[in-house]
Protein chains: 2
Amino acid sequence: MNKSTQCEASEMLKRAGISPSYQRIMVLSALLETDEHPSADTIYKKLGTNIPAISRATVYNTLNLLVDRGVIHSMRTAGSETRFDSVCEAHSHFFCRKCKRIFDVAQQSGEIETELDGHLVESQDLVYKGLCRECRGEMIK
Amino acid sequence: MNKSTQCEASEMLKRAGISPSYQRIMVLSALLETDEHPSADTIYKKLGTNIPAISRATVYNTLNLLVDRGVIHSMRTAGSETRFDSVCEAHSHFFCRKCKRIFDVAQQSGEIETELDGHLVESQDLVYKGLCRECRGEMIK
DNA sequence: CACTAGTATCAGAAATATTCTAAATCTTAT
DNA sequence: ATAAGATTTAGAATATTTCTGATACTAGTG
């Protein structure tokens with residue numbers, strides 16, 4: 001665990017008005033250190049090896065709290081689990097309906113809306129669905 | 001239940017190479033007749049009053065089959081349930097992180113990609129997240 | 001019109017992901 | 001030191017979805 005990431009996590013928590021407990025810092029740090037889109041359970045398992053260990057409920061509670069406060073984002077594009085994302089910038093995902101993987105793709109549209117029909121837009125996610133390179137190849141076979 | 005919707009459902013099934021059984025026609029018709037984005041359970045309950053009733057497993061199997069064959073789309077944007085959508089045209093959704101409702105919004109980007117990094121794009125869904133009109137108002141209060 | 005093979009459906013059990021609960025622990029202010 | 005409040009915990013409970021194995025339907029064949 002990177003010390004400066006933990007420091008950053010603590011700052012982010014304070015800025016969001018959340019008291020920076022040991023567990024919360026651990027959860028947010030784990031999310032900041034990866035560019036995959038981990039599930040709550042993945043984070044729980046990653047932190048499970050730590051002493052002291054963190055309870056599953058705390059991982060879920062913390063992630064939900066962070067989403068509520070707009071510190072992180074959640075994705076339910078694919079599979080059965082909710083996946084979390086600490087990247088603030090708008091970015092796109094490609095979801096393969098066959099193998100269920102998520103691929104990051106460069107943001108196409110330059111337009112970033114800030115308001116729509118009176119709704120306050122905090123983030124936008126362009127999700128493409130279809131068949132990925134590999135599954136597409138297999139279909140032709 | 002509209003007879004012509006059932007006829008349309010039957011045609012759609014045949015076109016996708018799926019044999020148009022009574023249960024499958026019922027499930028797809030139910031989806032075609034609504035512009036909400038119902039969950040499997042919502043469809044199950046709607047059809048539950050029919051004679052003969054349809055099993056929950058069949059509703060799930062049918063919806064999954066239709067998604068696999070690209071006949072309908074599934075959304076996991078919000079809440080805990082998978083929601084289904086029979087509309088083929090690309091369209092956008094706004095998801096409120098507070099009240100968890102989904103609002104339909106007009107498609108912003110005119111660009112529709114058909115291929116990205118070698119992946120075959122069959123549909124795209126632009127999901128905006130933030131605070132809806134109402135929840136935004138409550139926050140200010 | 002049987003018979004068979006393959007497909008579809010069923011009810012309920014099981015698996016999976018998430019939330020709830022009530023007790024224990026930690027923090028903070030007095 | 002103490003009380004009040006917030007946080008964490010383990011495990012139970014709930015919710016959603018998939019699996020299972022039995023049954024029923026369908027189409028093709030003799």
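Below, read A as the first sequence line, B as the second, and so on, with proteins coming before strands; counting in each chain starts at 1. This structure is a prediction, so every number in the text was calculated from the model and none was measured.
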Original post:
Can you find a side chain N or O atom of B:T58 that sits less than 4.0 Å from OP1 or OP2 on C:dC10?
Top reply: yes
Subject >> 5' priority, DNA chain C, between B:I18 and B:A57 [closest heavy atom] >> reply: B:I18
Original post:
Taking only side-chain nitrogens and oxygens of A:Q23, does any of them come within less than 4.0 Å of OP1 or OP2 of C:dC26?
Top reply: no
Original post:
Which part of the nucleic acid, if any, lies within contact of A:N64, taking any heavy atom under 4.0 Å across all strands shown: a base, the sugar-phosphate backbone alone, or nothing?
Top reply: sugar-phosphate
**OP:** Starting from C1' on C:dT9, measure out to CG on B:L65 and report it in whole angstrom.
**Re:** 13 Å
Original post:
Once you round it to whole Å, what is the distance between P of C:dT7 and CG of B:N61?
Top reply: 15 Å
Original post:
With sugar-phosphate meaning primed atoms plus P, OP1 and OP2, does B:S39 contact a base, only sugar-phosphate, or nothing at under 4.0 Å between heavy atoms?
Top reply: nothing
**OP:** Indicate the ring-plane relationship of A:H119 and B:F94, choosing parallel, tilted or perpendicular according to the 30° and 60° boundaries.
**Re:** parallel
Original post:
So, is B:S19 near the phosphate of D:dT26, with a side-chain N or O under 4.0 Å from OP1 or OP2?
Top reply: no
**OP:** Whole angstrom is fine here: how far is it from CZ in A:R24 over to C1' in D:dT9?
**Re:** 14 Å
Original post:
To the nearest angstrom, how far is B:I25 atom CD1 from C:dT9 atom P?
Top reply: 10 Å
Original post:
Between A:L66 and A:L13, is any pair of side-chain heavy atoms under 4.5 Å apart?
Top reply: yes
Original post:
Whole-Å distance between C:dT9 P and B:L63 CG?
Top reply: 12 Å
**OP:** Would you mind reading off the distance between A:I54 atom CD1 and D:dT9 atom P, rounded to a whole angstrom?
**Re:** 6 Å
Subject >> Side chain to side chain, A:I54 and A:I43, heavy atoms closer than 4.5 Å >> reply: no
Original post:
Going by heavy atoms in the side chains, are A:V105 and A:L126 under 4.5 Å from each other?
Top reply: no
Original post:
Can a side chain N or O of B:R56 be found less than 4.0 Å away from OP1 or OP2 on C:dA11?
Top reply: no
Original post:
For B:T62, does its backbone N or O pair with a side-chain atom of B:R24 as donor and acceptor, under 3.5 Å?
Top reply: no
Original post:
So, is A:S21 close to the D:dA6 phosphate, meaning a side-chain N or O under 4.0 Å from OP1 or OP2?
Top reply: no
**OP:** Give a yes/no answer on whether the side chain of B:T82 brings an N or O atom under 4.0 Å of OP1 or OP2 in D:dT17.
**Re:** yes
Original post:
Should A:Y60 be listed as having a side-chain N or O under 4.0 Å from OP1 or OP2 of C:dT19?
Top reply: no
Original post:
Given atom OH of A:Y22 and atom C1' of C:dT27, what is their separation to the nearest angstrom?
Top reply: 18 Å
**OP:** Rounded off to whole Å, could you give me the OH-to-C1' distance for the B:Y44 and D:dT16 pair?
**Re:** 14 Å
